[in-house]
Amino acid sequence: MTQRSEQLVLDYLSEVGLALHGRVTAKERTAYLTSLRARIDERREAAGNDDVDTVRRILRGFGAPEHLVQEELTGQEMDLEDDEMIPPKPRHADRPPPPWRGGPGQGILALLEGPGQTDQRLDGRTSRRPGVVRNSLLLVRHRAPEAIALLMLTLTGLWWDVAFLWVLGAALILLSHVWNAKDKWVGVGLPLVACAVGVVVWDGEARFIDQYIQQALPATGVPALGIASLVCVFYLFPKAARSARAADRAGR
């Protein structure tokens with residue numbers, strides 16, 4: 001094991017860790033990096049030669065760090081040139097650490113994809129991507145607070161008489177370690193804004209402001225809150241489901 005070869009591996013793992021930053025929990029990121037390091041060392045040992053060119057070829061076989069993580073999170077295969085695979089030095093060397101961010105959203109289509117779809121794993125193997133029912137079960141098992149929050153928002157959207165449950169859902173969203181700051185702004189802010197707009201556009205009449213609010217809130221404010229809550233469920237569910245799937249794989 002040469003110092004230069006080992007530094008290449010450490011730089012590669014550092015890049016993978018940065019790419020995972022904010023997309024999975026710290027525990028999941030550590031588990032991925034430990035597993036990836038073990039697979040790299042196994043290939044180095046099998047190669048019988050630990051020079052720089054051999055290690056670079058092994059790392060190139062895993063793919064560029066960002067694309068490796070991209071494939072893990074989205075299942076999209078990347079078409080790369082060889083010179084894109086291994087950076088000459090860590091890309092974070094000349095820049096500040098990236099902010100907390102979530103994985104790329106897959107939107108409503110992510111909820112509808114059936115069991116025929118596959119995810120690309122960090123170890124190069126493919127696994128079946130579960131449908132909405134399986135995702136929901138994994139979410140309840142591994143991300144219970146997020147599952148409850150989404151349930152509260154769903155109930156708010158379907159039955160306006162229980163709109164008070166939105167408060168509990170909003171609190172759980174704000175306390176979540178899965179959704180980032182942007183997700184929380186959308187998940188909590190959008191229903192509030194929608195509710196306020198619904199109250200403002202009410203076309204009824206009232207002599208006093210308190211009477212106006214009492215009549216406008218159930219007439220148009222709560223329905224707007226419910227509809228916006230359902231929109232937020234479609235926005236928040238894919239990322240929470242990805243995090244639950246990652247936790248399930250890490251626990252195996």
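These figures come from a predicted structure and were not determined experimentally. The first residue of the sequence shown is numbered 1, and numbering continues consecutively from there.
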**Message:** Quick test of your reading: applying side chain to side chain donor-acceptor pair (under 3.5 Å), list the pairs with at least one residue in residues 140-150, sequence neighbours left out, ordered by first then second residue.
**Reply:** E28-R143, H142-D248, R143-S243, E146-S176
**Message:** Count I, L, V, M, F, W, Y as connected when their side-chain heavy atoms are under 4.5 Å apart, and connections chain through other members. Are W160 and L192 then in the same cluster?
**Reply:** no
**Message:** Suppose we screen for side chain to side chain contact (heavy atoms under 4.5 Å, CB included). Which residues come up paired with T54, at least two apart in sequence or across chains?
**Reply:** A47, N49, D51, R57, I58
**Prompt:** What distance separates L175 CG from H177 NE2, expressed to the nearest 0.5 Å?
**Reply:** 7.5 Å
**Complete:** On a heavy-atom basis, the closest approach of A240 and V178 is CA-CG1, 4.0 Å
**Request:** Hydrophobic side-chain clustering at under 4.5 Å (ILVMFWY, transitive links): who's grouped with V140? Put none if nobody.
**Result:** none
**Prompt:** How would you list, by chain and number, every residue that makes a ring pair (Phe, Tyr, Trp, His ring centres under 6.0 Å) with W202, sequence neighbours excluded?
**Reply:** Y212
**Request:** Treat each ILVMFWY residue as a node, draw an edge where side-chain heavy atoms are under 4.5 Å apart, and state whether L230 and V186 are in one component.
**Result:** no
**Prompt:** Taking ILVMFWY side chains as joined if any heavy atoms are under 4.5 angstrom apart, and letting links pass through other members, which residues group with V231?
**Reply:** L190
**Complete:** d(W185 CH2, N180 CG) to nearest 0.5 Å is 13.0 Å
**Prompt:** Could you give the distance from CG (L236) to NZ (K184), rounded to the nearest 0.5 Å?
**Reply:** 11.0 Å
**Message:** Taking the side chain as everything from C-beta on, heavy atoms only, tell me whether L10 gets closer than 4.5 Å to R37.
**Reply:** yes
**Request:** List the steps, then state whether salt bridge (Lys or Arg N to Asp or Glu O under 4.0 Å) holds for R44 with D41.
**Result:** CA-CA 5 Å; R44 291 170 69 183; D41 289 344; 3.5 Å; yes
**Message:** Could you go through D210 and Q214, starting from their C-alpha distance and side-chain angles, then the distance that decides it, and tell me whether this counts as side-chain hydrogen bond (donor to acceptor under 3.5 Å, both in side chains)?
**Reply:** CA-CA 6 Å; D210 58 333; Q214 289 176 1; 4.7 Å; no
Which pairs would a plain distance check flag for residues 148-157, meaning a side-chain donor or acceptor within less than 3.5 Å of a matching protein atom at least two apart in sequence or in another chain?
| residue | atom | partner | partner atom | Å |
| --- | --- | --- | --- | --- |
| T154 | OG1 | L150 | O | 2.8 |
| T156 | OG1 | M152 | O | 2.8 |
| T156 | OG1 | W166 | N | 3.4 |

**Asked** Does the cation-pi check pass for R43 over F62, that is, NZ or CZ under 6.0 Å from the six-membered ring centre and within 45° of its axis?
**Response** yes
**Message:** Within the 4.5 Å heavy-atom criterion, are Y32 and V16 side-chain neighbours or not?
**Reply:** no
**Message:** Nearest 0.5 Å, please: how far is OH in Y12 from CG in L8?
**Reply:** 12.0 Å
**Message:** Given 3.5 Å as the limit, does a donor-acceptor pair link the side chain of S35 with the main chain of A31, or not?
**Reply:** no
**Message:** Less than 3.5 Å apart, any donor N or O on the side chain of R29 or T25 sitting next to an acceptor on the other?
**Reply:** no
**Prompt:** Do I227 and V188 share a hydrophobic cluster (ILVMFWY, side-chain heavy atoms under 4.5 Å, transitive)?
**Reply:** no
**Asked** With the 4.5 Å side-chain cut-off for hydrophobic clustering, are I40 and V69 part of the same group?
**Response** yes
**Message:** Can you pull out every side chain to side chain donor-acceptor pair (under 3.5 Å) where at least one residue sits in residues 223-237? Sequence neighbours excluded, please.
**Reply:** D183-Y235
**Heavy atoms of other groups near Q211 CD, more than 12 under 6.0 Å** = yes
**Item:** Cluster overlap V233 with L139, hydrophobic side-chain contacts below 4.5 Å
**Value:** yes
**Request:** Identify the heavy atoms of G198 and A224 that sit nearest to each other, and give their distance.
**Result:** CA-CB, 4.3 Å
**Request:** Run through D161, V199, L217 and flag the one making a side chain to side chain contact (heavy atoms under 4.5 Å, CB included) with V222.
**Result:** L217
**Fill in**
Besides V201, the hydrophobic cluster formed by Ile, Leu, Val, Met, Phe, Trp and Tyr side chains linked at under 4.5 Å, directly or via other members, contains V193, V197
**Request:** Answer whether the closest heavy-atom distance between the side chains of I173 and C232 falls below 4.5 Å.
**Result:** no
**Fill in**
Hits for side chain to side chain contact (heavy atoms under 4.5 Å, CB included) against F164, two or more places apart or cross-chain, chain-then-number order -> V162
